[in-house]
Amino acid sequence: MGIENAGQQKYAEFVSERAKKLQTGMIVWGSLLCLALICLFSNVAMAAVFAAMGIFLAVTNIKAQKQFKEKLSGVDDQEEFFRQLAAGDALELPDEHIIVARDYVLVFRTDIFIYQLNDMEKIEVGKQADVKKVLFLTDKNGKRHEIISCTKGDGRQEDFDKVYGVLHERMKR
C-alpha cells in the first residue's frame, strides 16, 4: 500500500514501531539461516540447530507479517477510515499509542488493534482497589478490549480521562 493521503501517513506512523519489529525479526531469522549454511561446512550439528531456530523464527515472523498486513481488512470503508484519522477531531495520544477517531479506535500494545465503535456495545471502567483503572470497550459478544489503563501516581490519569471522555461521547451516538 502506497501512502496517498494524510490519513494513510498517520496510520503508517502509528504502525511503524510494529513494522520495524517485524523487519528486525526477518533480519534475525535470515541471519540464523545464513549462519546455518556457514556452519554446515564445519559443524553439522551446530548447523542443524541454527537452521531449526531460523526456520522456527521464519515461520513465526512470516505469520505475524501476514496478520499485520491483514489489520486493515477488518475496516469496512478504508477511505473513510483514513479520512477520519486525518480529521481534526481525532484524539491522538502518541505516548499511549492510541488514536480515537470518530468511528474507530486504534491501540498498539504488543500488536495493532483496530476497533470499530459501531461493533461495540459499551464502554466500561474496571477498578482494582484504589490503585489501578482500566478502560475497556465491550463488543456485542461481551468480549472486553483494553484501551488504556493507569495506576495511582503514574501521571497517565489525564490521558485516561481524555480517552474516556471522547469515547463516552462517541458511544452515545
Side-chain angles (χ1 to χ4, degrees), residues 1-28 60-128 131-173:
M1 169 180 93
I3 296 174
E4 299 173 6
N5 60 47
Q8 289 174 331
Q9 178 65 40
K10 188 169 290 240
Y11 181 76
E13 290 168 2
F14 186 79
V15 300
S16 67
E17 188 176 329
R18 178 69 174 139
K20 286 177 189 173
K21 286 181 181 181
L22 290 171
Q23 283 180 321
T24 301
M26 190 167 48
I27 292 167
V28 170
T60 304
N61 183 264
I62 291 168
K63 182 180 174 185
Q65 285 183 29
K66 183 179 177 193
Q67 290 172 340
F68 176 70
K69 289 177 182 172
E70 292 175 349
K71 292 294 179 183
L72 286 173
S73 66
V75 175
D76 298 332
D77 185 349
Q78 289 187 16
E79 188 175 309
E80 176 63 14
F81 171 76
F82 290 127
R83 190 189 66 67
Q84 287 185 26
L85 288 182
D89 65 345
L91 172 63
E92 185 174 1
L93 300 170
D95 292 341
E96 300 294 339
H97 303 288
I98 296 173
I99 297 177
V100 181
R102 189 184 66 219
D103 297 322
Y104 302 93
V105 177
L106 282 76
V107 177
F108 173 61
R109 300 265 180 263
T110 56
D111 200 1
I112 304 296
F113 298 96
I114 302 172
Y115 303 110
Q116 294 186 51
L117 291 179
N118 62 357
D119 292 340
M120 299 298 150
E121 185 73 30
K122 60 185 172 179
I123 183 172
E124 297 180 87
V125 176
K127 293 184 178 182
Q128 295 175 348
V131 178
K132 183 175 182 175
K133 292 193 305 189
V134 181
L135 181 66
F136 296 100
L137 283 175
T138 304
D139 64 26
K140 294 174 180 169
N141 296 322
K143 184 175 180 191
R144 298 167 89 190
H145 307 276
E146 182 179 334
I147 305 302
I148 187 172
S149 66
C150 67
T151 56
K152 197 171 196 167
D154 69 0
R156 298 172 65 199
Q157 181 66 48
E158 187 176 329
D159 287 342
F160 184 96
D161 292 342
K162 283 180 190 175
V163 173
Y164 176 80
V166 170
L167 284 175
H168 188 264
E169 281 301 311
R170 293 186 180 164
M171 291 293 290
K172 286 196 311 190
R173 293 186 276 129

Are side-chain heavy atoms of K63 and T60 found at a separation under 4.5 Å?
-> no
Could you state the interatomic distance from NZ (K132) to SG (C150), rounded to the nearest 0.5 Å?
-> 9.5 Å
Just how far is it from atom CG of L117 to atom CG of L167, taken to the nearest 0.5 Å?
-> 6.0 Å
Closest non-hydrogen atom pair, I98 against F14 = N-CE1, 3.8 Å
Between V100 and V163, the two heavy atoms sitting closest are CG2-CG1, 4.4 Å
Side chain proximity check, E158 to L93, heavy atoms < 4.5 angstrom = no
Might you work through the side chain to side chain contact (heavy atoms under 4.5 Å, CB included) test for L22 and K69, ending with a clear yes or no?
-> CA-CA 11 Å; L22 290 171; K69 289 177 182 172; over 6 Å; no
Is a donor on one side and an acceptor on the other found under 3.5 Å between the side chain of E96 and the backbone of R156?
-> no
Are any non-hydrogen side-chain atoms of D139 and D119 less than 4.5 angstrom apart?
-> no
Distance in Å, I147 CD1 paired with I123 CD1, rounded so as to fall on 0.5 Å steps | 8.0 Å
Spacing of CD belonging to E79 relative to CD belonging to Q8, to within rounding of 0.5 Å = 9.5 Å
Flag side-chain contact, heavy atom, 4.5 Å: L137 against M171 = yes
Do K71 and Y11 come close enough that some side-chain heavy atom pair is under 4.5 Å?
-> yes
Roughly how far apart are D76 CG and Q116 CD, rounded to 0.5 Å?
-> 4.5 Å
Considering all heavy atoms, the nearest A101-R170 contact | O-NH1, 2.8 Å
Kindly say whether N118 contributes a backbone atom to a donor-acceptor pair with the side chain of K140 at under 3.5 angstrom?
-> yes
Search all heavy atoms of A86 against all heavy atoms of G7 and return the closest pair with its distance.
-> CB-N, 3.6 Å
Are the side chain of E124 and the backbone N or O of T138 linked by a donor-acceptor pair below 3.5 Å?
-> no
Pairs in or reaching into residues 98-128: which pass ring-ring contact (aromatic ring centres under 6.0 Å, His included), with residues at least two apart or in two chains?
-> F81-Y104, H97-F108, Y115-H145
Shortest non-hydrogen contact from A90 toward I99 = CB-CG2, 4.5 Å
Check whether any side-chain N or O of Q78 sits under 3.5 Å from a backbone N or O of L72 as a donor-acceptor pair, and report yes or no.
-> yes
So, R102 side chain and A87 main chain: donor-acceptor pair closer than 3.5 Å or not?
-> no
So CZ of R144 and NZ of K122: to nearest 0.5 Å the spacing works out to 8.0 Å
Is atom CD of E70 surrounded by more than 12 heavy atoms (other residues, nucleotides or ligands) closer than 6.0 Å?
-> yes
Donor-acceptor contact below 3.5 Å, side chain N141 vs main chain K143 | no
Charged N to carboxylate O under 4.0 angstrom, K10 versus E13?
-> no
Q157 versus D154, closest heavy-atom pair with distance | N-OD1, 4.1 Å
In chain order, what residues pass the salt bridge (charged side-chain N to carboxylate O under 4.0 Å, His left out) check against E17, with sequence neighbours excluded?
-> K21
Side-chain heavy-atom pair L106, L85 within 4.5 angstrom cut-off | yes
